[in-house]
Protein chains: 2
Amino acid sequence: MDLVLGIDGGGTSCRAALATASGQVLGRGKSGPANIMTDLEGARHNIVEAARLAFVDAGRDAALIPETGAVLGLAGTNVGGYKQQLLEILPFGRSLVESDALIALNGALGDHDGAIAIIGTGSIFMSRKGTAMQTIGGWGFMLGDLGGGARIGRDLLQETLLAHDDIHPSSPLTQAVMERFGGDAREIVKFGASSKPANFGAFAPLVFEHAVLGDAAAKAVLARAVNDIEEALDALKLSSDQRLCLLGGLSGLVAPHLSARYRALLHAPEQDALGGAVAMAARLFGTAGASAHV
Amino acid sequence: MDLVLGIDGGGTSCRAALATASGQVLGRGKSGPANIMTDLEGARHNIVEAARLAFVDAGRDAALIPETGAVLGLAGTNVGGYKQQLLEILPFGRSLVESDALIALNGALGDHDGAIAIIGTGSIFMSRKGTAMQTIGGWGFMLGDLGGGARIGRDLLQETLLAHDDIHPSSPLTQAVMERFGGDAREIVKFGASSKPANFGAFAPLVFEHAVLGDAAAKAVLARAVNDIEEALDALKLSSDQRLCLLGGLSGLVAPHLSARYRALLHAPEQDALGGAVAMAARLFGTAGASAHV
């Protein structure tokens with residue numbers, strides 16, 4: 001194949017990059033959400049639209065789509081039979097559908113061994129050593145995603161109620177949260193009952209801000225989150241020559257709080273997830289090398 | 001007034017007891033749910049129906065309802081304006097609407113100072129010293145109710161996922177839970193996303209069973225719950241001459257795990273919540289004494 005596509009699809013948008021057989025990006029496109037769990041047909045539409053826009057951006061004829069190989073990294077590929085259903089309706093010459101975490105790992109690590117920790121609203125951990133892959137976490141807000149923003153925010157609201165009841169000491173942070181809810185604990189309870197993970201996650205940056213100022217409640221919530229993250233990293237059993245890339249919206253805030261052992265492994269990601277998908281597509285369908293690392 | 005009513009209304013049923021002015025119970029009645037938050041008119045209907053059945057049970061004329069004073073202990077009285085709306089449509093001669101926890105406290109402690117801890121699906125703590133009352137917790141499953149059955153069950157499912165990911169060691173209990181979900185972690189996640197507090201709470205008894213057998217995961221979950229319960233009790237600042245009554249579906253399972261300091265304060269409740277409502281009604285509207293403790 002002369003051309004390959006990398007595609008990064010998530011709950012808010014879908015991005016595509018058209019590249020040469022060796023992985024050199026020629027054009028990019030962006031469209032709407034590509035959540036195969038909630039809207040398979042809509043996801044297929046936005047995937048193809050992002051690909052078409054990448055062809056246009058590159059000045060190439062989108063009629064070549066059926067002759068182009070594509071690697072797609074999508075959220076929700078581990079659930080149900082959605083991945084197989086999607087494969088049956090994709091228009092590309094050849095398609096590989098993988099998790100969003102896997103293309104992020106390939107982008108971040110390039111050819112190196114190591115691990116990624118994606119700390120955003122949720123949390124998920126993934127490592128690669130040679131051809132061996134391990135994935136940890138990513139189970140969602142209610143029972144998992146420990147160390148992620150939504151869990152940090154939920155913990156903060158719980159601490160605020162504990163402080164309100166004099167069970168734990170109050171702090172400038174718990175007082176500030178209480179004030180946001182008009183000083184009425186029942187408003188916090190109402191918020192908690194009606195909120196989605198992203199709403200809880202909106203409180204997470206406050207915890208980092210106040211922890212740096214020495215706030216005791218913030219430090220307790222943050223220490224719990226960092227402990228949860230490091231317990232997950234421990235389970236990946238990284239050796240000292242492996243790289244660790246922190247990704248996701250909270251990565252910059254989390255990094256300084258990791259213990260020295262993990263800070264020593266930190267590397268900036270080589271590329272983003274879309275770059276990872278392009279590199280995988282070039283290896284698998286182009287001329288960029290063997291498929292050992294796909 | 002010659003007759004008084006005690007009424008205990010909750011999410012599954014409403015119970016009423018008709019008593020003499022001195023608090024001697026003459027008859028009882030039971031009807032459907034009395035949740036003033038979800039169905040005010042339905043709650044009013046079941047409250048009156050339970051009262052009517054208590055009159056019938058006592059061989060008295062229910063036409064006397066408008067001349068009878070009633071104390072009602074109801075869930076959800078602390079939220080919104082429901083209590084005021086209910087008061088306006090109740091048919092009793094005089095009515096006092098209080099929380100379900102307050103009538104439980106009056107029933108359990110009688111004339112003594114002390115505290116109650118209601119540990120069921122949720123958790124709430126309440127103390128009385130002379131005329132001073134303090135209420136702690138009861139904020140619901142998402143951000144509160146620490147030490148209650150739903151939080152214990154949620155914790156167990158989280159531990160099961162952590163064990164599945166090799167983040168924490170597995171144990172006979174986490175393996176048993178995993179088997180209940182066909183060995184598929186995604187089924188646990190699905191359960192967590194679609195379950196109500198009572199569904200999580202159904203897992204709590206397993207934790208107590210396995211903790212006694214020495215299961216490490218069970219002991220860790222239980223230790224956290226007991227610590228949460230004792231932190232709430234600490235905030236009530238009980239003195240060594242005060243009574244502590246454990247109420248709620250998990251009280252019998254929790255009691256043996258409390259520290260010696262709190263086990264020494266434990267007393268069996270003098271009466272149930274309905275008995276507490278009757279005693280309050282007799283004091284307030286009858287001849288059973290001053291209203292000091294109402």
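Chain identifiers are assigned alphabetically (A, B, ...) following the order of the sequence lines, protein sequences preceding nucleic acid strands; residue numbering begins at 1 within each chain. Note that this is a predicted model, so its numbers are computed, not measured. Worth knowing before you read on, the calculation uses all heavy atoms, side chains too, and leaves out hydrogens, waters and symmetry mates.
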Please classify the contact of B/Phe141 with chain A as side chain, backbone, both or neither, using a heavy-atom distance under 4.5 Å.
side chain
Provide the closest heavy-atom pair for A/Leu143 versus B/Gln158 in the form atom of the first, atom of the second, distance.
O-CG, 3.4 Å
Of the listed B/Asp155, B/Val189, B/Asp234, the one with the largest count of heavy-atom pairs under 4.5 Å with chain A is B/Val189
Start with the C-alpha distance between B/Met142 and A/Phe191, add both sets of side-chain angles, then the distance that settles side-chain contact (heavy atoms from CB on, under 4.5 Å), and finish with yes or no.
CA-CA 10 Å; B/Met142 182 58 81; A/Phe191 175 89; over 6 Å; no
Flag, side chain of B/Asp165 to backbone of A/Gly137, donor-acceptor distance under 3.5 Å:
yes
Could you look at B/Ser195 and say if it's the side chain, the backbone, both or neither that has a heavy atom under 4.5 Å from chain A?
neither
Shortest non-hydrogen contact between B/Ile136 and A/Ile167, atoms and distance
CG2-CD1, 3.4 Å
Using heavy-atom distances under 4.5 Å, tell me whether B/Ile188 contacts chain A through its side chain, its backbone, both, or neither.
both
With rounding to the nearest 0.5 angstrom, report the CH2 to NZ distance, A/Trp139 to B/Lys190.
12.0 Å
Would you say CZ of B/Arg263 has more than 12 non-hydrogen atoms from neighbouring residues, nucleotides or ligands within 6.0 angstrom?
yes
May I ask you to name which of A/Thr135, A/Leu162, A/Leu146, A/Asp166 has the most heavy-atom pairs under 4.5 Å with chain B?
A/Leu146
